[in-house]
Amino acid sequence: MYPRQIAKDDVLKKYLYLAAVTFVLILWLLPLGAVILTSVRPASDAAVGNYWGWPSGFDLVKNYTEVFTETPMGRYFFNSLVITIPSVIGVLVLSTLTGYVLSRYRFRGNTLLFAIFIGGNFLPFQIMMIPVRDLTISLGIYNSYLALIIFHVAFQTGFATLFMRNFIVSLPDELFEAARSEGASPLQILIHVVIPLVRPALAALAILAFTFIWNDYFWAVVLTPSDAVKPVTAGLDNLKGQYVANWSLISAATIAIAIPPVVMFFLMQRHFIRGLTMGAVKG
């Protein structure tokens, strides 16, 4: 059922395994390498069909500067930040509250409510496109920041609740009993006991939610047709239509869009890995 570990004395299998991993890694990174090279090559290279060859020159500063000076990408970046940051905060707050209640309090309908949170993750987004669009129109928030913020918070909270509930339920019961014996209220227990202990889980969840919301394209196109509130993913599609011949500019914009999630991951890498491994080994 599970792959067996390669024996230490089986040198041939080790080299074959390393060769296969290296080949797959190169194959996976090849398109990214092509985009990076295109983002620094002059626009004339693409015009003459030099897509994979070594650049005839390097216009790194020129291409990346023009992304923000000659295109609306700066506005799209601002829109993405306005949408992503409140959405991530909302997801973290709601999932922590719901995960805390579902893991530490037993009441009628507890299991059913938890199942509803989990069940929402199995609904394909595409089948909800028209109902969600009609709902935002009827609420008067269509084509606004609020439409995407509410949507992302609502649809990310299901997975996030499952994530946080599983972490909180693994905390020792003695901690909660000691806090209650000292007269701490449920809110005080949440703030002073639960949150400090699940901080790595919150960091991991923040990275996952930030990456998903920042990279969302489908709902950005469905709910924000106007450039005034469009995030970077939908904005990049517009950029492609407007600057279809300038692949160096489009590639530079693509790399620039990918930088914020990567930076966030490396800044919180230690917390991310610790959060994913919490509870895997019992002390």
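- Considering only residues two or more places apart in sequence or on other chains, F68 meets the ring-ring contact (aromatic ring centres under 6.0 Å, His included) condition with F77.
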Please report the C-alpha distance between T38 and S248 in whole Å, then the side-chain angles of each, then the deciding distance to 0.1 Å, and finally whether the side-chain hydrogen bond (donor to acceptor under 3.5 Å, both in side chains) criterion is met.
-> CA-CA 5 Å; T38 304; S248 297; over 6 Å; no
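- For R106, the CZ atom counts as densely surrounded, since its 6.0 Å shell holds more than 12 non-hydrogen atoms of other residues, nucleotides or ligands.
- Applying the ring-ring contact (aromatic ring centres under 6.0 Å, His included) rule to Y145 yields no partners; only residues at least two apart in sequence or on another chain are considered.
- Two residues are said to be in side-chain contact when any heavy atoms from C-beta on lie closer than 4.5 Å; F218 and T233 fail this criterion.
- Panel note: side chain T71, backbone M73; a donor-acceptor pair is recorded below 3.5 Å.
- Rounding to the nearest 0.5 Å gives a distance of 12.0 Å between CG of L25 and CG of L18.
- Interatomic distance, Y64 OH to S251 OG, rounded to the nearest 0.5 Å: 8.0 Å.
- For W54, the ring-ring contact (aromatic ring centres under 6.0 Å, His included) test picks out F58, with sequence neighbours left out.
- Residue T254 holds its OG1 atom at 4.5 Å from CG of L236, rounded to the nearest 0.5 Å.
- Rounding to the nearest 0.5 Å gives a distance of 10.0 Å between CD1 of I85 and OG of S80.
- Applying the under-4.5 Å side-chain rule to Ile, Leu, Val, Met, Phe, Trp and Tyr, the cluster around L112 extends to I116.
- Under a 3.5 Å cut-off, the side chain of N215 and the backbone N or O of T211 do form a donor-acceptor pair.
- In this structure, S138 contributes its side chain and L135 its backbone to a donor-acceptor pair below 3.5 Å.
- With respect to R104 and D173, a salt bridge is recorded, a charged nitrogen being found less than 4.0 Å from a carboxylate O.
- A side-chain donor-acceptor contact under 3.5 Å links N63 to the backbone of R41.
- Remark: the backbone N or O of S170 is not paired with any side-chain donor or acceptor of N166 at under 3.5 angstrom.
- Ring-centre distance between F117 and F159: not below the 6.0 Å cut-off.
- How far OG1 of T224 is from CD1 of I83: 6.0 Å, rounded to the nearest 0.5 Å.
- No donor-acceptor pair closer than 3.5 Å links the side chain of W214 to the backbone N or O of A209.
- Apart from V221 itself, the hydrophobic cluster it occupies contains Y217, where clustering links Ile, Leu, Val, Met, Phe, Trp and Tyr at side-chain heavy-atom distances under 4.5 Å.
- With sequence neighbours left out, F107 forms a ring-ring contact (aromatic ring centres under 6.0 Å, His included) with no residue at all.
- From N143, atom CG reaches atom CG of L223 across 9.0 Å, with rounding to the nearest 0.5 Å.
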Go through the steps to decide whether Y100 and Y105 satisfy the test ring pair (Phe, Tyr, Trp, His ring centres under 6.0 Å), and finish with yes or no.
-> CA-CA 8 Å; Y100 173 57; Y105 295 92; 5.7 Å; yes
